[in-house]
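A quick write-up on the structure given underneath.
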There are 2 protein chains.
Amino acid sequence: MTAARPTGDDLVEMLAALANPLRLRIVARLAHGRDYVSHLAREIGISRPLLHMHLQRLEAAGLITGTLELSEDGKAMKYYEVTDFDLHLTASAVAEAARTLDGPESDPGPTRKERH
Amino acid sequence: MTAARPTGDDLVEMLAALANPLRLRIVARLAHGRDYVSHLAREIGISRPLLHMHLQRLEAAGLITGTLELSEDGKAMKYYEVTDFDLHLTASAVAEAARTLDGPESDPGPTRKERH
DNA sequence: TTCATGTGTAAGAAAGTTCTGACACGTGAA
DNA sequence: TTCACGTGTCAGAACTTTCTTACACATGAA
């Protein structure tokens, strides 16, 4: 399990990344096996720039990772695959995560540094 | 556990509801005990209309429930509390949920009815 | 009546997200 | 050289979300 206890802000980023039907589908596709951008775009039926944007969002959240590889015929291919994330969401888990949110604190939790 | 296997679209709604620092804080607060709108707004430090909006979003997603009650001095008070939701998010769980998404299907999953 | 408390909603500004279409660059094969 | 395939990025339109301000109503107490 990659991130058992992400920061509150990191959790928000992960949730925001998954809170979209298209991105849910992308993760679902990659869960069945790695794929490269152009092919994935054709499979899902969306434009490549659009897919590129969604992949960025998912990768930034740490849910997928991309690696640039060279195919046999010399083409640069960007392959994406899912990370083995594991998020367990309950009311108390949310309460715990909220302690590490940036901004006006109302709960005496451990203070964190600013986002990079 | 309230919704072990929500529809893909319901899952998106739940995730979208949680994917916001303010709403995460609201759920965290309510996880420690029920509260009414005006008081909660003062506690968190936001305006009442704004809180109202966020509560609507959380309730629509099924994460909290509100009940209108009469206080001892006859005032109408809207109390909110968390439901005992339990979401387990992994790549394969997402793959499973994506099968019940509305729209252009690319996976031969069980078809669902339109959103009410 | 007036004040402090509670409820809700509506209009509009500001900011963020989503999506299209066009552009740039690279390779190998015809 | 031209074509088919891969990569990436940018600008702007369209839409959604977030937030403020102002309004409406109700109650009990002063």
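Lettering follows sequence order; numbering is per chain, from 1. Only heavy atoms go into these numbers, but all of them, side chains included; no hydrogens, no water, no symmetry mates.
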Any donor-acceptor N or O pair under 3.5 Å, side chains Thr7(B), Asp9(B): no
Spacing of His54(A) atom NE2 relative to dT17(C) atom C1', expressed in whole Å: 9 Å
Gap between atoms CD and C1', on Gln56(B) and dT7(C) respectively (whole Å): 12 Å
5' priority, DNA chain D, between Ala16(B) and His52(A) [closest heavy atom]: His52(A)
Out of dG28(C), dC19(C), dT17(C), whichever nucleotide has its closest atom nearest the side chain of Leu22(A): dC19(C)
Nearest-Å distance for atom pair CD1/P, residues Ile26(A) and dT18(C): 11 Å
Nucleotide nearest Arg23(A) (side chain, heavy atoms from C-beta), chosen from dT18(C), dT7(C), dT27(C): dT18(C)
d(CG, Leu58(A); P, dT18(C)) in whole Å: 10 Å
Considering all heavy atoms, the nearest Ala28(A)-Ala95(B) contact: CB-CA, 3.6 Å
dG28(C) OP1/OP2 closer than 4.0 Å to side-chain N/O of Lys75(A): no
Closest listed nucleotide, where the reference is the side chain of Tyr36(B) and the choices are dG6(C), dT17(C), dC19(C): dG6(C)
Under 3.5 Å: donor-acceptor pair, side chain of Glu81(A), backbone of Thr65(A): no
Rounded interatomic separation in angstrom, taking CD from Glu69(A) and P from dT27(C): 18 Å
Any side-chain heavy-atom pair of Val12(A) and Leu101(A) under 4.5 Å: yes
From CA spacing to verdict: salt bridge (Lys or Arg N to Asp or Glu O under 4.0 Å), Glu43(B), Arg25(B): CA-CA 11 Å; Glu43(B) 286 286 302; Arg25(B) 244 187 268 268; over 6 Å; no
Span of DNA chain D in contact with chain B (heavy atoms, under 4.0 Å): dT17(D) to dG28(D)
Mutual orientation of the aromatic rings belonging to His88(B) and His88(A) [parallel < 30°, tilted 30-60°, perpendicular > 60°]: parallel
Nearest-Å distance for atom pair CG/P, residues Leu55(B) and dT7(C): 10 Å
Arg48(B) side chain near dG8(C) phosphate (N/O to OP1/OP2, under 4.0 Å): no
Protein-nucleotide distance (Leu68(B), atom CG; dG6(C), atom C1'), rounded to Å: 10 Å
Nearest heavy atoms of Leu11(A) and Leu24(B), plus distance in Å: CD2-CD2, 4.3 Å
Distance below 4.0 Å between Asn20(A) side-chain N/O and dT18(C) OP1 or OP2: yes
Whole-Å distance separating the CD1 atom of Ile44(A) from the C1' atom of dC19(C): 15 Å
Earlier contact from the 5' end, DNA chain C, for Asp73(A) and Leu50(A): Leu50(A)
Closest-nucleotide 5' rank along DNA chain C - winner of Gly74(A) and Arg57(A): Arg57(A)
